[in-house]
Amino acid sequence: MNMRPLFQEVLHLYTDGKERSRQMVQDELRDTYGSFKAFKDKQMDEALHTAMSNGLIAESRYELDENGDLIMYYQSDQDMIDLINKYIK
């Protein structure tokens, strides 16, 4: 099986233009990457913030869950998608 590195696969998810939270990303990738050290919540949050800082994704909205924890959602516009696609070729 030819796997992309975890961070590249996270970015690839955002190339469909859909909004996702960290938890949604983890749910989609758990079967393949769930055992990776970098798959933990803190590391995934850092990866998403790095992608946002690099202009690959943007915050789209936020909400509080039933426990009062902040849930951030991210999304890529077409320019960001084009940039991601150049990066992960």
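Since the model is a prediction, treat every value here as computed from it, not as a measurement.
Residues in residues 69-89 take part in no ring-ring contact (aromatic ring centres under 6.0 Å, His included) pair, two or more places apart or across chains.
Residues Gln43 and Ala38 share a closest heavy-atom pair of CB-O, 3.3 Å. Met3 approaches Phe36 most closely through the heavy-atom pair CE-CZ, 3.5 Å. Considering every non-hydrogen atom in both Tyr33 and Arg4, the closest pair reads OH-O, 2.6 Å. Between Phe7 and Ala51, the shortest heavy-atom distance links the atoms CZ-CB, 4.1 Å.
Remark: Asp82 engages no residue in a salt bridge (charged side-chain N to carboxylate O under 4.0 Å, His left out) (not counting sequence neighbours).
Between atom CG of residue Asn85 and atom CD of residue Gln78 there is a gap of 8.0 Å, rounded to the nearest 0.5 Å. Atom CG in Leu83 sits 12.0 Å away from atom CD1 in Ile57 (nearest 0.5 Å). Note that the CD1 atom of Ile71 and the CD atom of Glu66 stand 8.0 Å from one another [nearest 0.5 Å].
Annotation: side chain of Ser76 is in contact with side chain of Ile84 (closest heavy-atom distance under 4.5 Å). For the pair Leu6/Met44, a side-chain contact is recorded, criterion being any heavy-atom separation below 4.5 Å from C-beta on. By the 4.5 Å heavy-atom criterion applied to side chains, Met72 and Arg22 are not counted as neighbours. The closest side-chain heavy-atom distance from Asp65 to Leu70 is not below 4.5 Å.
One hydrophobic cluster, built from ILVMFWY side chains closer than 4.5 Å, holds both Tyr62 and Val25. There is a path of hydrophobic side-chain contacts, each under 4.5 Å, that joins Met52 to Leu56. Note on Met24: it does not cluster hydrophobically with Leu64, by side-chain heavy-atom contacts below 4.5 Å among ILVMFWY residues. Leu48 and Ile81 are assigned to two separate hydrophobic clusters, defined by single-linkage of ILVMFWY side chains at heavy-atom distances under 4.5 Å. Residues Ile88 and Met80 do not share a hydrophobic cluster, clusters being chains of Ile/Leu/Val/Met/Phe/Trp/Tyr side chains in contact below 4.5 Å.
Looking at Gln23 and Asp41, their side chains never bring a donor and an acceptor atom within 3.5 Å of each other.
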Open item on the list: Assess the residue pair Arg30 and Glu28 against the criterion (salt bridge (charged side-chain N to carboxylate O under 4.0 Å, His left out)); give the C-alpha distance rounded to whole Å, side-chain angles, the decisive distance to 0.1 Å, and a yes or no.
Closed with: CA-CA 6 Å; Arg30 189 171 319 284; Glu28 289 186 55; over 6 Å; no
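A donor-acceptor contact shorter than 3.5 Å links the side chain of Gln75 to the backbone of Gly17. Put simply, the side chain of His49 gets close to the backbone of Asp45: a donor and an acceptor are under 3.5 Å apart. Between the side chain of Thr32 and the backbone N or O of Leu29, no donor-acceptor pair lies under 3.5 Å. The main-chain N or O of Asp79 is found under 3.5 Å from a side-chain atom of Asp77 such that the two form a donor-acceptor pair.
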